[in-house]
Amino acid sequence: MAEPEYDFDLFTIGIGSGGTRASRVAAAHGARVAAAEEHRVGGTCVIRGCVPKKMLVYGAQFAEDLEDCQEFGWTIEGKSFDWVKLRDHVMKDVDRIESIYTDTLDKHDVTLFHERAEITGDHEITLASGKVVTAKYILIATGAWPHVPEFEGSDHCITSNEAFHLDAIPRRVLIAGGGYIANEFAGIFNEFGSKVVIANRSDVILRSYDFSLRDRLMQISMTKGIEFCFHAEFEYVRKNDDGSFAVKMTNHDEREFDCVMVATGRVPNTKGLGLDNVGVELGKKGEIKVDTFSKSSVDYIYAVGDVTDRVQLTPVAIREGQAFADSMFGGVEPYCVDHSCIPSAVFSHPPIASVGLNEREAKDQYGKVAVYQSDFRPMKNVVAGRNERSLIKMICDDANGRILGIHMIGPDSPEIMQAAAVAVKAGMNKADFDATTAIHPTVAEELVLLR
């Protein structure tokens with residue numbers, strides 16, 4: 001029996017980091033590819049996530065640099081900060097990157113539909129315009145969306161999506177959540193002059209990170225003026241006549257803020273995709289359940305990135321998209337992404353970076369572990385008179401010295417960790433680090449001098 005004729009070999013719904021990589025690579029392998037994106041090409045990372053966020057982090061860091069530079073002999077008079085100028089410049093660069101993504105797809109002859117798409121039947125996709133197309137394979141790469149709990153006045157709150165487009169920096173801002181988004185924006189707003197309060201329903205921030213880093217960041221954040229309210233959940237947010245908001249949280253008195261931001265996690269973006277029309281199985285959070293090769297419960301439907309809720313990181317989505325396209329259209333032995341030992345960072349002030357197991361995880365899995373630690377003031381902070389200490393922590397298997405995890409908080413931690421992560425992923429041990437000569441004077445040299 002002859003195989004049915006389809007309009008496309010692959011139809012990708014969602015053109016973020018994972019969807020773009022999968023579509024481009026599949027097309028390069030000779031597949032006929034189409035893609036649909038209802039928002040902007042580039043997805044969360046490029047448009048409303050990692051990229052513009054890091055630009056704001058750079059902008060915020062100048063607040064401390066301009067303060068510290070005086071001890072290095074610099075005098076800067078009349079300094080001022082223009083939020084609108086930074087905001088508009090960041091958005092202009094986001095436009096530039098979006099155009100690069102679009103051009104890349106065009107150059108690979110990917111047919112791009114700038115509209116919403118829904119699966120309406122077997123191998124069938126219906127676009128918002130009413131156009132119906134068919135595809136041999138369908139890839140879902142629609143990412144995740146900020147979760148806003150239900151409470152009185154939740155519609156008054158912003159999320160990270162809107163934070164990039166504010167008309168002005170709020171004088172008083174409440175950020176609900178304890179994860180990386182909450183702590184990153186807390187640092188950004190604080191450096192720009194806001195009074196920042198972080199409210200979290202538990203008493204733990206950055207739950208997946210090593211407790212030493214969490215504690216150190218909280219200490220430093222409090223020193224910088226950021227306030228933490230724990231065991232706090234929204235009761236109501238009410239708008240006052242002057243435009244401010246009265247906020248009541250459990251276990252805390254009512255307070256007034258000029259902006260309330262919710263950063264309480266992100267949920268897979270699967271609503272309205274028509275997945276129930278063809279029987280795609282979803283998990284408890286609405287995520288698409290997939291196997292190691294990113295295949296859903298329906299043979300011809302695959303999913304990559306945050307929509308699967310495996311690891312919500314841009315580089316992971318890109319690797320999953322690459323593996324899918326190569327395996328399906330590249331004529332190679334199918335392969336999958338190794339989700340173990342993935343490095344990550346929190347671009348707080350100062351930043352955190354981590355790879356491998358934290359101390360508690362290592363003890364649970366290996367029993368006896370050796371912990372090496374360096375707690376120090378970086379040279380720049382010493383000269384500047386900034387009483388802010390960095391921390392580097394290495395956790396090893398006590399039986400053979402194999403490195404199980406490295407965790408850092410301090411200047412340039414993410415940049416240092418990228419190289420260190422290669423060593424941890426490769427299974428190197430403490431002796432390999434000890435045998436490496438230090439580059440002096442650097443923060444990174446502490447990695448090879450740990451005792």
Side-chain angles (χ1 to χ4, degrees), residues 44-45 48-61 63-64 144 146-149 157-164 166 169-170 172-234 249 257 259-266 311-314 343-355 358 388-391 393 407-415 417:
T44 295
C45 180
R48 65 193 79 85
C50 329
V51 171
K53 180 269 305 288
K54 186 68 180 292
M55 293 178 188
L56 294 188
V57 169
Y58 282 134
Q61 186 60 46
E64 292 184 7
H147 168 66
V148 178
C157 301
I158 68 166
T159 68
S160 55
N161 288 355
E162 295 79 37
F164 299 104
L166 293 173
I169 292 296
R172 302 161 299 178
V173 58
L174 171 69
I175 303 177
Y180 72 95
I181 295 175
N183 283 277
E184 288 173 341
F185 273 100
I188 290 168
F189 284 129
N190 182 68
E191 297 293 343
F192 289 154
S194 298
K195 165 58 184 174
V196 179
V197 177
I198 291 181
N200 194 21
R201 63 182 180 181
S202 73
D203 59 0
V204 177
I205 64 169
L206 299 172
R207 186 177 299 277
S208 65
Y209 283 85
D210 190 272
F211 62 87
S212 298
L213 303 191
R214 301 195 312 246
D215 290 349
R216 179 60 54 87
L217 178 63
M218 191 181 304
Q219 292 168 9
I220 294 173
S221 296
M222 290 171 68
T223 300
K224 292 179 186 293
I226 296 172
E227 181 183 344
F228 291 85
C229 293
F230 292 129
H231 303 293
E233 295 188 64
F234 284 109
M249 306 196 82
F257 296 93
C259 178
V260 182
M261 177 176 169
V262 176
T264 52
R266 298 173 62 81
V311 179
Q312 291 194 3
L313 292 172
T314 293
S344 63
V346 181
F347 292 99
S348 46
H349 284 79
I352 283 175
S354 179
V355 66
N358 63 42
E388 188 174 300
R389 300 183 68 84
S390 294
L391 180 68
K393 188 173 182 179
H407 312 278
M408 302 178 62
I409 179 170
D412 300 317
S413 290
E415 303 291 345
M417 188 59 69

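Computed over heavy atoms, backbone and side chain alike; hydrogens, waters and symmetry mates excluded. No experiment lies behind these values; they were computed from the predicted model shown.
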Problem set entry | Euclidean distance, Asp210 CG relative to Met408 CE, rounded to 0.5 Å | 13.0 Å
Seminar exercise, completed: Between Gly410 and Ser390 the two heavy atoms that sit nearest each other are CA-OG, 3.4 Å
Exercise. Any donor-acceptor pair under 3.5 Å linking the side chain of Ser160 with the backbone of Ala263?
Worked result: no
Problem set entry | Any side-chain heavy-atom pair of Glu227 and Lys195 under 4.5 Å | yes
For this session: Mind checking the SG-CG spacing from Cys229 to Leu174? Nearest 0.5 Å is all I need.
Result: 7.5 Å
Exercise. Do you know the tightest heavy-atom contact between Tyr180 and Leu206?
Worked result: N-CD2, 3.5 Å
Exercise. Roughly how far apart are Thr159 OG1 and Ile181 CD1, rounded to 0.5 Å?
Worked result: 8.5 Å
Exercise. What do you reckon, are the aromatic ring centroids of Phe185 and Phe192 less than 6.0 Å apart?
Worked result: no
Seminar exercise, completed: All heavy atoms of Ile220 vs all of His349, minimum pair found to be CG2-O, 4.1 Å
Problem set entry | Heavy-atom side-chain contact between Lys224 and Glu388 under 4.5 Å | yes
Exercise. Do Val57 and Ile188 come within less than 4.5 Å of each other through their side chains, counting heavy atoms only?
Worked result: yes
Exercise. Just wondering, do Glu191 and Gln61 contact through their side chains at under 4.5 Å, heavy atoms?
Worked result: no
Problem set entry | Contact summary for Ser344 and Leu313, nearest pair of heavy atoms | CB-CD1, 4.3 Å
Exercise. Taking all atoms of both residues into account, what is the closest heavy-atom pair of Ser194 and Ile169, and its distance?
Worked result: OG-CG2, 3.1 Å
Exercise. Would the number of heavy atoms belonging to other residues, nucleotides or ligands and lying under 6.0 Å from CZ of Arg201 be above 12?
Worked result: no
Problem set entry | Heavy-atom side-chain contact between Cys45 and Val51 under 4.5 Å | yes
For this session: Test Ser202 against Arg207 for side-chain hydrogen bond (donor to acceptor under 3.5 Å, both in side chains), laying out the working first.
Result: CA-CA 10 Å; Ser202 73; Arg207 186 177 299 277; 3.2 Å; yes
Seminar exercise, completed: Looking only at heavy atoms, the pair that brings Ile158 and Ala163 closest together is CD1-CA, 4.1 Å
Exercise. Is Phe211 atom CZ crowded by more than 12 heavy atoms from other residues, nucleotides or ligands, each under 6.0 Å away?
Worked result: yes
Exercise. Roughly how far apart are Arg48 CZ and Asn161 CG, rounded to 0.5 Å?
Worked result: 5.5 Å
Exercise. Do Val262 and Phe234 touch side chain to side chain, with heavy atoms closer than 4.5 Å?
Worked result: yes
Exercise. Got a sec, which residues hit side-chain contact (heavy atoms from CB on, under 4.5 Å) with Phe230, two or more places apart in sequence or on another chain?
Worked result: Asn200, Asp203, Ile205, Met218, Phe228
Exercise. Roughly how far, to the nearest 0.5 Å, is CD of Glu184 from CD1 of Ile352?
Worked result: 9.5 Å
Exercise. Does the side chain of Pro170 reach to within under 4.5 Å of the side chain of Phe257, using non-hydrogen atoms?
Worked result: no
Exercise. Rounded to the nearest 0.5 Å, how far apart are CG of Leu391 and CZ of Arg216?
Worked result: 5.0 Å
Seminar exercise, completed: Sorted by chain and residue number, the side-chain hydrogen bond (donor to acceptor under 3.5 Å, both in side chains) partners of Thr44 (sequence neighbours excluded) come out as Arg266
